[in-house]
Each structure stands twice: as structure tokens, then as C-alpha cells.
*Asks:* 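Have a look at this one.
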Amino acid sequence: GENVEQHPSTLSVQEGDSAVIKCTYSDSASNYFPWYKQELGKRPQLIIDIRSNVGEKKDQRIAVTLNKTAKHFSLHITETQPEDSAVYFCAASIKSTLTFGKGTMLLVSP
Amino acid sequence: KAGVTQTPRYLIKTRGQQVTLSCSPISGHRSVSWYQQTPGQGLQFLFEYFSETQRNKGNFPGRFSGRQFSNSRSEMNVSTLELGDSALYLCASKSDNEQFFGPGTRLTVL
């Protein structure tokens, strides 16, 4: 089955810095790659996604890139703010089943 | 539109008992997926239902089962509870590829 690796497991940045979280997947049949943000005690929330026919997608301070050849995809957050602090999960989807990475705890210090 | 709802939000059971969790998807969504979230294993796919049929199943023992009703509401059942079943159980309502999570049911097995 699909396997998703996510790095780093924790990431500490200063407010205003950029943050990058990277994921790799194993199954070339995966065709949809969402990113979720989960704040403590809350549900995962979809923040951005990308389909396999697109290389990059941006939404304000958040961007995702996909390299299908290398089976890598990354989340980029610019101008980080304390409210960006949360656990971020990447996922890869085959036939509507999501396989998640283990998560990255992002801490943004004021 | 109302979001995904799950009941109950919290549940305490003892080993050997069984439990039933409920999920109501976003109106108009016909697909419901269930996930188990634990600190050690992260988010793991349990199963997906679409139009009352199980469409995909994860790698969980047969003690975990589910069903979906004609109004798209879904239930999952865990029989013969074990301590390791303590987790946050999340359901997700799907439209196209996008999955939207409910608040989860926190199950504690004593």
C-alpha cells in the first residue's frame, strides 16, 4: 500500500520566518495531495491541496509544490504568525483513500 | 451548510465491551470515511462508505466494522474493546477529492 513519510517532526521558527514541511510518497498512482492543519483539541482542517496534474498551487501565505518524478511534495508557509502554530499533516490519495504522514508540529514564536 | 457532526464526543468503556459511534456528513455528501488517530500511529484509515456500500477498507481487525444508511449517516462499531483501541475516531465527509473532518469521538478504554 501507499506509504507517506513527513519531515521534520517538529519545526520551530520565529514570527515572520518561512516554514517548509516535506513529504514523500511511495505509490506513483497517488493523484491527490491535501494538507491539513490540526490545532490542539480540534479537528484536522484542510488548508490546501494539489492534484497530480499541477506542479504548484498558492493561496495567500501558503503554497504547495509537487514533484511527481521524485514523488515529493512540500508545504511552504511564508511570513509565519503565532496562529500558524499547530500540527500539519500531509496525505496522499489513491481511489479516495487518504494515507497520512505522521505530522509536523510547527511552533511559531513571537 | 452544516459541517460534519459526530456523536458522542466522549466515551469511556471497559475492556471487552462494544461501542457504536455515529457520523452525519455534510448535506449532499454521499461518501464517509473513518479514521483512527493516536499519538503513536497518527491518522490511520479504517474504511470508507459510499451509497451504503463499503468501498475501501484499511488494515484493521474484524472487530472494527461500519455501515451507512440511506441518508448517508454512518456508524462504526468496535466489538470486544481492547486498551489499544483508545483513540480519537474521526469521520470525514467527502466531495470530489476533498475530505472534511468531523470533531471526532474520543474513546477511552479502561
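By convention in this document, chain letters (A, B, ...) are assigned in the order of the sequence lines, proteins followed by strands, and residues within each chain are numbered from 1.
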*Asks:* Heavy-atom pairs under 4.5 Å with chain A are the metric here; pick the option from B:F100, B:Y35, B:F50, B:F47 that has the most.
*Replies:* B:Y35

*Asks:* Looking at B:A92, B:G42, B:S31, B:P103, which has the largest count of heavy-atom pairs under 4.5 Å with chain A?
*Replies:* B:P103

*Asks:* Chain B heavy atoms under 4.5 Å from A:L46: which part of the residue, side chain, backbone, both or neither?
*Replies:* side chain

*Asks:* One thing to verify: whether B:D85 and B:K13 come together as a salt bridge, which I'm taking to mean a side-chain N less than 4.0 angstrom from a carboxylate O.
*Replies:* no

*Asks:* Can you tell me if B:R73 uses its side chain to pair, donor with acceptor, with the backbone of B:S24 under 3.5 Å?
*Replies:* no

*Asks:* With a 4.5 angstrom heavy-atom cut-off, is it the side chain or the backbone of B:R55 that approaches chain A, or both, or neither?
*Replies:* side chain

*Asks:* Between B:T38 and B:Q41, does any side-chain donor sit less than 3.5 Å from a side-chain acceptor?
*Replies:* no

*Asks:* Using non-hydrogen atoms and a 4.5 Å limit, figure out which bit of A:K102 sits close to chain B: side chain, backbone, both or neither.
*Replies:* side chain

*Asks:* Is any side-chain heavy atom of B:Q37 closer than 4.5 Å to a side-chain heavy atom of A:F89?
*Replies:* yes

*Asks:* Do any N or O atoms from the side chain of B:D96 and from the backbone of B:E98 form a donor-acceptor pair under 3.5 angstrom?
*Replies:* no

*Asks:* Side chain, backbone, both or neither: which part of B:L43 has an atom under 4.5 Å from a heavy atom of chain A?
*Replies:* both

*Asks:* When you measure from the side chain of A:T65 to the backbone N and O of A:E56, does any donor-acceptor pair fall under 3.5 Å?
*Replies:* no

*Asks:* What part of A:Q6 is in contact with chain B, defined as an atom under 4.5 angstrom from a non-hydrogen atom: side chain, backbone, both or neither?
*Replies:* neither

*Asks:* Between A:P44 and chain B, which part of the residue has a heavy atom less than 4.5 Å away: side chain, backbone, both or neither?
*Replies:* both

